[in-house]
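This report refers to the structure that appears directly beneath it.
Proteins get letters first, then strands, A, B, ... in listed order; numbering begins at 1 in each.
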Number of protein chains: 2
Amino acid sequence: MKNYSNFVEKLRSAGLRPTKQRLKICEVLFDRKETFHFNVEDLKKILKKKLETSISVATVYNTINAFKSKGYIKEISLNTDKTYFDTNVTSHHHFYNVTTGELIDFHDKDVEEIKLKKNLPGKKIKSIEVLVKIANK
Amino acid sequence: MKNYSNFVEKLRSAGLRPTKQRLKICEVLFDRKETFHFNVEDLKKILKKKLETSISVATVYNTINAFKSKGYIKEISLNTDKTYFDTNVTSHHHFYNVTTGELIDFHDKDVEEIKLKKNLPGKKIKSIEVLVKIANK
DNA sequence: TCAATATATTAGAATGATTCTAAACTATTT
DNA sequence: AAATAGTTTAGAATCATTCTAATATATTGA
């Protein structure tokens, strides 16, 4: 039964009950070597292929939102019609290929440190993210 | 009649006919000292206040899209339900206050140059934008 | 200036992503 | 195993945005 027990553990530790649906979604999102970028439509398609029975739209959204608020995934700030998520929750940056819609991670180590010369009194910085838009030549 | 003639000029040079609606929207967007951040809902509200007759939703969207494709405004990459635009079309960055939803510009000169150590062969860089999420202390 | 043509505006319908609802179900606790 | 708390579901509702096709306005060129 795969590494379901890891996922059970993971869900429990975040106060989420390990249900069939959540475990299935965990498997799609986290049982991979590479970071996974997706939107809800992608995810629904993959789940449909993997499963006999399908998971309702509402559940997919509920689950994704739960995972997001527990910090298992994060939303990517991109201006597209659909919301994109990333299974890489560490502080990192993106290349967005405007020609193909492809999204590629890059990490703090791939950029020289970003030093702000402007600072805002009374505020605290939550995150600094760089979006590099690229196009095919 | 204000600086309508500037706007007429501006529209014409981009191949857009200077119509009543477009001029009115120009006035709201560009007749100001500071950069203006807005979404379509904001814009509709402002127009409603300023005008006797109101402009239809479709026209507001058409106009905004025309302005965007002519480079008069640009879309901001933020993950919110609505699409945000900025009258500052130069390359610049944003602070987004997650507590208040407020958006603040900052410029290239307010950050030390962003040097990418990773490069992608066969691609060209269209833009590099930094989004700094902040919160009230 | 006037008719012909090209482009814009409009109200309302259509679309599509996301959230809500309330009923049925499943997991946990006692 | 009964009671309670949390989940899932189908389908309805919502809300931003786009489409449609009819009407109106702007531009062109005789």
Between NZ of A:Lys24 and C1' of C:dT26 the distance, given in whole Å, is 18 Å
With five pairs defining each end axis, the helix from C:dT1-D:dA30 to C:dT30-D:dA1 comes out bent, to 10°, by 30°
Worksheet entry | Any B:Ile64 side-chain heavy atom under 4.5 Å of B:Thr83 side chain | no
For B:Asn39 and B:Asp42 the tightest heavy-atom approach is OD1-N, 2.8 Å
The remaining residues in the hydrophobic cluster of A:Leu131, counting side-chain heavy-atom contacts under 4.5 Å among Ile, Leu, Val, Met, Phe, Trp and Tyr, are A:Ile76, A:Leu78, A:Tyr84, A:Tyr96, A:Val98, A:Leu103
To the nearest angstrom, the CG-P distance between A:Asp42 and C:dA17 comes to 11 Å
Using a 4.5 Å side-chain heavy-atom cut-off and chaining through intermediate ILVMFWY residues, the residues clustered with A:Val89 come out as none
Taken in chain and number order and not counting sequence neighbours, the residues that satisfy salt bridge (Lys or Arg N to Asp or Glu O under 4.0 Å) with B:Lys74 are B:Glu129
- [ ] Could you tell me how the ring of A:His92 sits relative to the ring of A:His94: parallel (under 30°), tilted (30 to 60°) or perpendicular (over 60°)?
- [x] perpendicular
Using distance only, find each side-chain donor-acceptor pair of residues 14-22 of chain A under 3.5 Å and give its atom names and separation, not counting sequence neighbours.
from	atom 1	to	atom 2	distance (Å)
A:Thr19	OG1	A:Arg22	N	3.3
A:Arg22	NH1	A:Arg17	O	3.0

Chain B vs DNA chain D, heavy-atom contacts under 4.0 Å, first-to-last nucleotide span, 5' to 3', is D:dA16 to D:dT27
*Counting only heavy atoms not in A:Lys124, do more than 12 fall under 6.0 Å of its NZ?*
yes
Note: contacts of residues 57-82 of chain A with DNA chain C (heavy atom, under 4.0 Å) are A:Ala58, A:Tyr61, A:Asn65, A:Lys82
Can you give each donor-acceptor pair under 3.5 Å made by side-chain atoms of residues 106-115 of chain A, sequence neighbours left out, with the distance rounded to 0.1 Å?
from	atom 1	to	atom 2	distance (Å)
A:Asp108	OD1	A:His93	NE2	3.0
A:Asp110	OD2	A:His107	N	2.9

Rounded to whole Å, the CD1-C1' distance (B:Ile55 to C:dA8) equals 12 Å
Treating B:Tyr72 as the side-chain partner and B:Phe30 as the backbone partner, does any N or O pair qualify as donor plus acceptor under 3.5 Å? no
Each nucleotide N or O in nucleotides 27-30 of chain C that has a protein N or O under 3.5 Å away: list the pair and distance.
from	atom 1	to	atom 2	distance (Å)
C:dT28	OP1	A:Arg12	NH1	2.9
C:dT28	OP1	A:Arg12	NH2	3.2

Sequence neighbours excluded, the answer for salt bridge (Lys or Arg N to Asp or Glu O under 4.0 Å) partners of A:Glu75 is A:Lys68
The salt bridge (Lys or Arg N to Asp or Glu O under 4.0 Å) partners of A:Lys70 (sequence neighbours excluded) come to none
Applying salt bridge (Lys or Arg N to Asp or Glu O under 4.0 Å) to B:Glu9 and not counting sequence neighbours gives none
